[in-house]
Amino acid sequence: MRVSPARKIAFDILLRVASRDAFATDLLYARLEKGMKREDAALATELVMGVLRWQRLLDFLIERASHRRAADLDLEVLIALRLGIYQMRFLTRVPRAAAVNESVELVKAARKRSAAPFVNAVLRRTPRAAIEKLLPADLPAAELLALRFSFPDWLVKRWMARFGESSTAMFLELQNRPPRVVISVPDLGRLVPVREALEAAGLTVEPAQMLRSGFQIRGGNPAQTPAFERGWYTIQDEASQMIPLLLDVRPGHRVLDLCAAPGGKTARLAQAAGTAANIVAADLYEHRLRSMRTFLARHSLADVRMLALDATRPLPFKSTFDRILVDAPCSGTGTLGRNPEIRYRLTPADLTELQAKQIAILTSALEHLAPGGKLVYSTCSLEPEENQAVATAALRARPGIRRISGAAALAPHLSPSAASADLLFDEQGDFRTIPWVHFTDGFFAAVLEKPA
């Protein structure tokens, strides 16, 4: 029996994610851009992202049906089983027999032919009862939620302690849905032609929920249009789009984007500054800057100056900058719906290590902020250790810098139907988007100002 292209691609990507710590979205982009039928691309994406989101629950079902620990199975066998059970449990249009048979064929193709009868038997024994009836009844609330929605216990316990059980359950459920696809159109004069181009490509287009410069997209891939290739828009969550707006960049400002790759925020900063030559974009890895050059060239921003550097060390600049963006490397707990593999890799120790790195980067950046200048420190994390605590520690190390609200800078960019900008800021003036409240990714930003 021949394995469908979508299932073969999904199997290969899941194997690389599990064995090499690769990221699924990068691998999907690389494989699907080569061209394939829209329905095959959609199924491959659904299988990869679905299996990763529900991996812990799938392994629980595998153990119920096989009476073996998932960790003891060969990786190829485990991934084939996850794919089969995901299709049977979550995809109503896939016949059960097709899910079983193709998973068996995937194991054979992976040179694990001796395991084919085992995979066939486990999939056919997989219980069909509602998940709630299969979960252990004696688990504590946090552990039950963690298993039900496929998250590590330690993450769910800390979120329940901060947000409560109801909000945590809403958050977990949201992170297992496909995230909204939103685009950013920085040039408002292009809103109409961009909408027409997307609709001509067969996509459903609606206004973004908060920003005047955005659209929500359904029904296809907005990266496959001539307007995208011409650099008329970028694909970017609304919360992420708001971060560079908080800097209030004006024409002529000297701007430093210190953790710049992949470049979506850099592009917005360069467009606001009026000339790309006023922008310095830095990142730790040269290969990320190479990819970023291609991205910026598509947006006619080839003049952005780039350099590879370790921002935790003193920066090699003699001059200061009017605006600095520190979009720091972080745990990514606000984007787990887009990067589900992160939830299984993250450990409590990572938060401590990331905090130390973030404080070093931020305090280093503040050394190069011009009098009267503004710096935005941002993360896509929900964790206070990476957010408020980092800003507070950096301010302690750099006396004279003050924390201000970015509401006034953001307000002109919000659509008339959006809630007040003040509702996106806490009592300290820090920007926060909460996934189960704002239905965006979870972002944090502190706006820091050096008095003139």
J.: Would you find a donor on one side and an acceptor on the other, under 3.5 Å apart, between the side chain of R38 and the backbone of G220?
T.: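 No, the answer is negative, given that no donor and acceptor are paired below the 3.5 Å cut-off.
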J.: Would you be so kind as to tabulate the donor-acceptor pairs closer than 3.5 Å made by side chains of residues 170-182, with sequence neighbours excluded?
T.:
{"from": "E173", "atom 1": "OE1", "to": "R177", "atom 2": "NE", "distance (Å)": "3.1"}
{"from": "E173", "atom 1": "OE1", "to": "R177", "atom 2": "NH2", "distance (Å)": "2.9"}
{"from": "E173", "atom 1": "OE2", "to": "R177", "atom 2": "NE", "distance (Å)": "3.1"}
{"from": "Q175", "atom 1": "OE1", "to": "G337", "atom 2": "N", "distance (Å)": "2.8"}
{"from": "N176", "atom 1": "OD1", "to": "R343", "atom 2": "NH1", "distance (Å)": "3.0"}
{"from": "N176", "atom 1": "OD1", "to": "R343", "atom 2": "NH2", "distance (Å)": "3.2"}
{"from": "N176", "atom 1": "ND2", "to": "F149", "atom 2": "O", "distance (Å)": "2.8"}
{"from": "R180", "atom 1": "NE", "to": "F439", "atom 2": "O", "distance (Å)": "3.2"}
{"from": "R180", "atom 1": "NH1", "to": "Q216", "atom 2": "OE1", "distance (Å)": "2.7"}
{"from": "R180", "atom 1": "NH2", "to": "E238", "atom 2": "OE1", "distance (Å)": "3.4"}
{"from": "R180", "atom 1": "NH2", "to": "F439", "atom 2": "O", "distance (Å)": "3.2"}

J.: Please check: side-chain N/O of Q87 versus main-chain N/O of L83, any donor-acceptor pairing under 3.5 Å?
T.: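 Yes.
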J.: What is the distance from atom OG1 of T333 to atom CG of L351, rounded to the nearest 0.5 Å?
T.: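 The distance works out to 7.5 Å.
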J.: Can F90 and L58 be said to form a side-chain contact (heavy atoms from CB on, under 4.5 Å), step by step?
T.: CA-CA 11 Å; F90 293 93; L58 295 173; 4.2 Å; yes
J.: Would you indicate whether the side-chain heavy atoms of P262 and F295 approach each other to under 4.5 Å?
T.: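 They are not in contact (no side-chain heavy atoms under 4.5 Å apart), so the answer is no.
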J.: Only counting residues at least two apart or in another chain, list the ones meeting side chain to side chain contact (heavy atoms under 4.5 Å, CB included) with R56.
T.: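 Partners of R56 by the side chain to side chain contact (heavy atoms under 4.5 Å, CB included) criterion, ordered by chain and then number, come out as A146, L147, S150, D153, Y344.
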J.: Quick check for you: to the nearest 0.5 Å, what is the distance between E386 atom CD and Q388 atom CD?
T.: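 Going from the CD atom of E386 to the CD atom of Q388 covers 10.5 Å.
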J.: So which atom in S19 and which in L15 form the shortest heavy-atom distance, rounded to 0.1 Å?
T.: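 It is OG-O, 2.7 Å.
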J.: Under 3.5 Å, is there a donor-acceptor pair between the Q358 and T379 side chains?
T.: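 Checked: Q358/T379 side chains show no N/O donor-acceptor pair below 3.5 Å.
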J.: Taking all non-hydrogen atoms of both residues into account, name the closest pair between A308 and L289 and its distance.
T.: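 In terms of heavy atoms, the two residues are closest at N-CD1, 3.5 Å.
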J.: Please check: side-chain N/O of R53 versus main-chain N/O of P340, any donor-acceptor pairing under 3.5 Å?
T.: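 No.
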J.: Compute whether any side-chain donor of one residue and acceptor of the other, for W159 and E383, lie under 3.5 angstrom apart.
T.: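 Distance-only check passes for W159 and E383.
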J.: So W232 and P193, do their side chains get closer than 4.5 Å, heavy atoms only?
T.: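 Touching, per the 4.5 Å side-chain cut-off.
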J.: Rounded to the nearest 0.5 Å, how far does OH of Y233 lie from NE2 of H299?
T.: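 Atom-to-atom, H299:NE2 and Y233:OH are 10.0 Å apart.
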J.: Out of curiosity, D430 CG to Y377 OH, how far, rounded to the nearest 0.5 Å?
T.: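 The CG atom of D430 sits 11.0 Å away from the OH atom of Y377.
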J.: Name the atoms and distances for all side-chain donor-acceptor pairs under 3.5 Å in residues 443-452, with sequence neighbours left out.
T.:
{"from": "E449", "atom 1": "OE1", "to": "R402", "atom 2": "NE", "distance (Å)": "2.8"}
{"from": "E449", "atom 1": "OE1", "to": "R402", "atom 2": "NH2", "distance (Å)": "2.5"}
{"from": "K450", "atom 1": "NZ", "to": "L369", "atom 2": "O", "distance (Å)": "3.3"}

J.: Under the 3.5 angstrom rule, does the side chain of T225 hit a backbone N or O of L198 as a donor-acceptor pair?
T.: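 No: the side chain of T225 does not pair with the backbone of L198.
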J.: A side-chain contact here means heavy atoms from C-beta on lying under 4.5 Å apart; do V255 and I324 qualify?
T.: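 V255 vs I324: side chains apart.
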J.: Please test E427 against R432 for salt bridge (Lys or Arg N to Asp or Glu O under 4.0 Å), starting from the C-alpha separation and ending with a verdict.
T.: CA-CA 11 Å; E427 63 279 359; R432 289 196 306 162; over 6 Å; no
J.: Could you check whether any side-chain heavy atom of L135 comes within less than 4.5 Å of a side-chain heavy atom of F60, counting everything from C-beta outward?
T.: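 Side chain of L135 against side chain of F60, heavy atoms only: contact under 4.5 Å found.
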J.: Less than 4.5 Å apart, any side-chain heavy atom of Q428 and any of R403?
T.: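 Sidechains of R403 and Q428: in contact.
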J.: For the residue pair R254 and V280, establish whether any side-chain heavy-atom pair is separated by less than 4.5 Å.
T.: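 A side-chain contact under 4.5 Å is absent here.
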J.: Are the side chain of S364 and the backbone of R313 linked by a donor-acceptor contact shorter than 3.5 Å?
T.: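 Yes, S364 side chain to R313 backbone: donor-acceptor pair under 3.5 Å.
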J.: Please check: side-chain N/O of R323 versus main-chain N/O of L247, any donor-acceptor pairing under 3.5 Å?
T.: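 Yes: the side chain of R323 pairs with the backbone of L247.
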J.: If you measure from CD1 on I359 to NZ on K357, what distance do you get to the nearest 0.5 Å?
T.: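 Here the interatomic distance stands at 13.0 Å.
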J.: Test side-chain contact (heavy atoms from CB on, under 4.5 Å) on N387 and S381; report intermediate values, then the result.
T.: CA-CA 7 Å; N387 296 337; S381 169; 4.2 Å; yes
J.: Could you give the distance from CZ (R82) to CG (L52), rounded to the nearest 0.5 Å?
T.: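 Between atom CZ of R82 and atom CG of L52 there are 8.5 Å.
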J.: Under the side-chain contact (heavy atoms from CB on, under 4.5 Å) rule, what do M242 and L424 come out as? Steps first, then yes or no, please.
T.: CA-CA 11 Å; M242 293 182 199; L424 294 167; 4.0 Å; yes
J.: So does T347 get a backbone contact from the side chain of D350, meaning a donor-acceptor N/O pair under 3.5 Å?
T.: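 Yes.
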J.: For D187, check side chain to side chain contact (heavy atoms under 4.5 Å, CB included) against everything at least two apart and list the hits.
T.: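 Result, side chain to side chain contact (heavy atoms under 4.5 Å, CB included) vs D187: R190.
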J.: On a heavy-atom basis, which atom in A409 and which in L246 lie closest, and how many Å separate them?
T.: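 Smallest interatomic distance, heavy atoms only, reads CB-O, 3.8 Å.
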J.: Salt bridge between R16 and D12, side-chain N to carboxylate O under 4.0 Å?
T.: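 No.
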J.: Are the side chain of T234 and the backbone of Q236 linked by a donor-acceptor contact shorter than 3.5 Å?
T.: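 Judged by distance alone, no pair lies under 3.5 Å.
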J.: What pairs with L191 under side chain to side chain contact (heavy atoms under 4.5 Å, CB included), at least two apart in sequence or on another chain?
T.: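 Listed in chain order: V185, L188, F215.
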J.: Could you tell me whether a side-chain N or O of T392 sits under 3.5 Å from a main-chain N or O of A389, the two making a donor and an acceptor?
T.: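 Checked: no pair found.
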J.: Under the side chain to side chain donor-acceptor pair (under 3.5 Å) definition, can you give me all pairs with a residue in residues 265-284, not counting sequence neighbours?
T.: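 Every side chain to side chain donor-acceptor pair (under 3.5 Å) pair that includes a residue of residues 265-284, provided the two are not neighbours, is S184-R268, S240-K265, D257-T266, K265-D327, D283-R288.
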J.: Evaluate the side-chain contact (heavy atoms from CB on, under 4.5 Å) criterion for residues K157 and E143: first the C-alpha distance (whole Å), next the side-chain angles of each, then the deciding distance (0.1 Å), finally the verdict.
T.: CA-CA 8 Å; K157 287 176 182 177; E143 294 177 24; 3.6 Å; yes
J.: Between the side chains of D237 and R338, is the shortest nitrogen-to-carboxylate-oxygen separation below 4.0 Å, so that they form an ion pair?
T.: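 Salt bridge between R338 and D237, a charged N being under 4.0 Å from a carboxylate O: yes.
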J.: Determine the minimum heavy-atom distance between T433 and L382, stating which atoms define it.
T.: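 What the structure gives for the nearest pair is O-CD2, 4.5 Å.
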J.: Do the side chain of D441 and the main chain of P435 share a donor and acceptor less than 3.5 angstrom apart?
T.: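 Side chain of D441 to backbone of P435: no pair is present.
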J.: S103 and Y86: side-chain donor and acceptor closer than 3.5 Å?
T.: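 Short answer, no.
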J.: Kindly give the heavy-atom pair with the smallest separation between F11 and A80, and that separation in Å.
T.: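 Closest heavy-atom pair between F11 and A80: CE1-N, 4.0 Å.
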J.: Any heavy-atom pair between the side chains of L315 and E367 that's under 4.5 Å?
T.: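 Heavy-atom side-chain distance check fails, nothing below 4.5 Å.
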J.: At their closest point, which heavy atom of L258 faces which heavy atom of A311, and how far apart are they?
T.: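 For L258 and A311, the tightest heavy-atom pair comes out as CG-CB, 3.8 Å.
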J.: Which word best sums up how the rings of F317 and F321 line up, parallel for under 30°, tilted for 30 to 60°, or perpendicular for over 60°?
T.: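 Plane angle over 60°, so perpendicular.
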J.: Would you indicate whether the side-chain heavy atoms of E385 and T352 approach each other to under 4.5 Å?
T.: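 T352 vs E385: side chains apart.
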